[in-house]
Amino acid sequence: MDYNQEQKQDRKNLLWAALAVLALLNLVLLYFFYQERQENVNKDTIIAAKTEEVLNTKTKLDSISVQLDAKIAEIQQLGGSVDSLVALKEQLERDKQNLRISNASSIKQYEGKIRSYEAVLAQKDQDIRKLREELGIVTSRNEELSQKVTGLQSERQALSDSVTTYSSRNRELSEKVSLASALRAEEISVNAITTKGKEREGGSFRARRVDKIKVNFRLGENPIAQQNQKEIYLRILDPNGAVLSDMATGSGAFMHNGREILYSSKGAVNYTNSRQAVDILYGRGGTPLKEGKYTVELYSEGFKIGQSDFTIR
């Protein structure tokens with residue numbers, strides 16, 4: 001009896017030890033989950049701040065553009081030369097275009113440009129006052145200019161309203177900031193390649209003529225997205241919803257929304273924010289394709305970036 005009791009006590013001790021180990025493992029997993037979540041929150045905050053910088057810089061450049069137009073119009077009416085202002089306006093438009101396609105990390109360089117533009121506007125205010133004194137602007141002209149100033153104030157108010165709108169929109173973006181930086185697959189087309197290497201278009205193919213599936217698309221412009229190497233996963237779902245995969249031809253699995261899912265094929269591309277074209281091939285590995293409608297899905301950096309379909313008959 002004593003021996004049996006000792007055995008029972010040993011089993012209890014082992015059970016408590018196992019439970020303690022499991023509890024410790026759970027604590028470690030919770031710690032790592034918290035660390036990863038905190039890192040994601042920090043990244044989202046940085047991207048939101050960069051997005052706001054881009055929007056604020058665009059608003060300032062738009063405001064300067066409106067003021068330049070007003071200065072050009074007024075100096076022309078006063079008979080002054082506007083060549084330098086016209087050249088400055090052309091440079092401003094180029095800066096606005098470059099801002100649209102530039103990386104968010106380069107926004108700081110626009111601060112000096114904005115100060116330079118504002119300095120020119122202040123100088124032109126002095127030039128306009130001198131022209132008025134020299135030409136002896138009459139009351140009617142002053143009233144006309146006053147009306148234009150009122151118009152400019154309305155435009156400035158409109159710009160102020162735009163800033164408010166942008167701020168509100170930025171708050172929405174901050175909630176979905178990761179989504180804002182996601183890639184987008186555009187102009188997706190699916191072609192079939194025969195065993196002889198001939199490429200067929202149209203989105204509807206005979207099963208016996210299909211050796212490989214070729215998916216073509218363009219990566220849309222996104223100034224928020226980091227310009228680095230991106231992995232793009234291709235999933236082809238058959239009419240029953242099963243993913244076509246063959247580990248021998250490059251299929252595998254990746255994490256999406258906290259779970260592992262299969263992919264048919266994948267490709268790597270150095271993203272340059274230039275609407276570059278991308279091709280991804282999937283070889284069926286000798287497995288015949290069923291008749292019906294197939295779905296094509298594209299994923300990158302944890303997001304679904306595009307979808308299309310094709311038919312096998």
Side-chain angles (χ1 to χ4, degrees), residues 47-174 177 180-181 220-225 273-275:
I47 295 174
K50 289 182 178 179
T51 302
E52 186 172 2
E53 286 182 356
V54 172
L55 295 174
N56 288 339
T57 301
K58 180 181 182 300
T59 300
K60 289 179 181 178
L61 291 177
D62 287 341
S63 176
I64 291 171
S65 179
V66 171
Q67 295 179 64
L68 274 176
D69 287 338
K71 296 291 186 291
I72 290 172
E74 187 171 357
I75 292 174
Q76 282 179 326
Q77 288 183 348
L78 295 172
S81 174
V82 295
D83 293 344
S84 62
L85 284 181
V86 171
L88 191 67
K89 179 66 185 299
E90 293 173 353
Q91 178 61 48
L92 174 63
E93 294 303 318
R94 288 193 293 270
D95 286 341
K96 289 168 64 178
Q97 178 68 17
N98 291 335
L99 175 64
R100 188 181 68 84
I101 63 177
S102 66
N103 189 285
S105 61
S106 63
I107 293 302
K108 294 296 183 184
Q109 66 177 330
Y110 284 89
E111 293 180 356
K113 293 183 178 182
I114 290 173
R115 287 194 295 269
S116 176
Y117 287 132
E118 290 174 342
V120 172
L121 290 174
Q123 179 60 47
K124 290 304 173 182
D125 284 336
Q126 296 180 11
D127 294 343
I128 289 173
R129 283 195 294 271
K130 290 180 180 179
L131 284 173
R132 288 174 178 171
E133 293 173 359
E134 293 173 357
L135 298 176
I137 301 300
V138 295
T139 303
S140 60
R141 180 68 60 85
N142 285 335
E143 291 176 354
E144 181 182 347
L145 292 176
S146 177
Q147 292 175 357
K148 290 192 174 183
V149 169
T150 301
L152 285 174
Q153 289 174 342
S154 298
E155 292 181 2
R156 288 179 181 176
Q157 182 60 47
L159 286 173
S160 178
D161 293 342
S162 296
V163 171
T164 302
T165 301
Y166 281 132
S167 297
S168 175
R169 192 172 299 168
N170 187 56
R171 284 193 296 272
E172 296 175 4
L173 286 174
S174 65
V177 65
S181 64
E221 292 183 359
N222 189 342
I224 307 303
N273 193 31
S274 59
R275 299 197 75 252

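Any value given below was found using the heavy atoms of this structure, including those in side chains, with hydrogens, waters and symmetry copies removed. Small disclaimer: the values here were computed from a predicted structure and weren't measured. We're numbering straight along the sequence, starting at 1.
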Within the 3.5 Å criterion, strictly below it, is a donor on Q126 or R129 matched to an acceptor on the partner's side chain? no
Can you confirm whether K89 is buried at NZ, in the sense that more than 12 heavy atoms of other residues, nucleotides or ligands lie under 6.0 Å from that atom? yes
From L68 atom CG to E93 atom CD, the distance as rounded to the nearest 0.5 Å: 9.0 Å
Non-neighbouring partners of K71 that pass salt bridge (charged side-chain N to carboxylate O under 4.0 Å, His left out), sequence neighbours left out: D125
Would you give the length of the straight line joining atom CD1 of I128 to atom CD of Q123, rounded to the nearest 0.5 angstrom? 10.5 Å
CD (Q76) and CG (L85) are apart, to the nearest 0.5 Å, by 9.5 Å
Is there side-chain contact between Y117 and K60, with at least one heavy-atom pair below 4.5 Å? no
How many angstroms lie between CG in D127 and CG in L78, if you round to the nearest 0.5 Å? 11.0 Å
Separation of I64 CD1 from S116 OG (nearest 0.5 Å): 9.0 Å
Test item: R156 and V66 side chains (from C-beta on) under 4.5 Å apart, heavy atoms: no
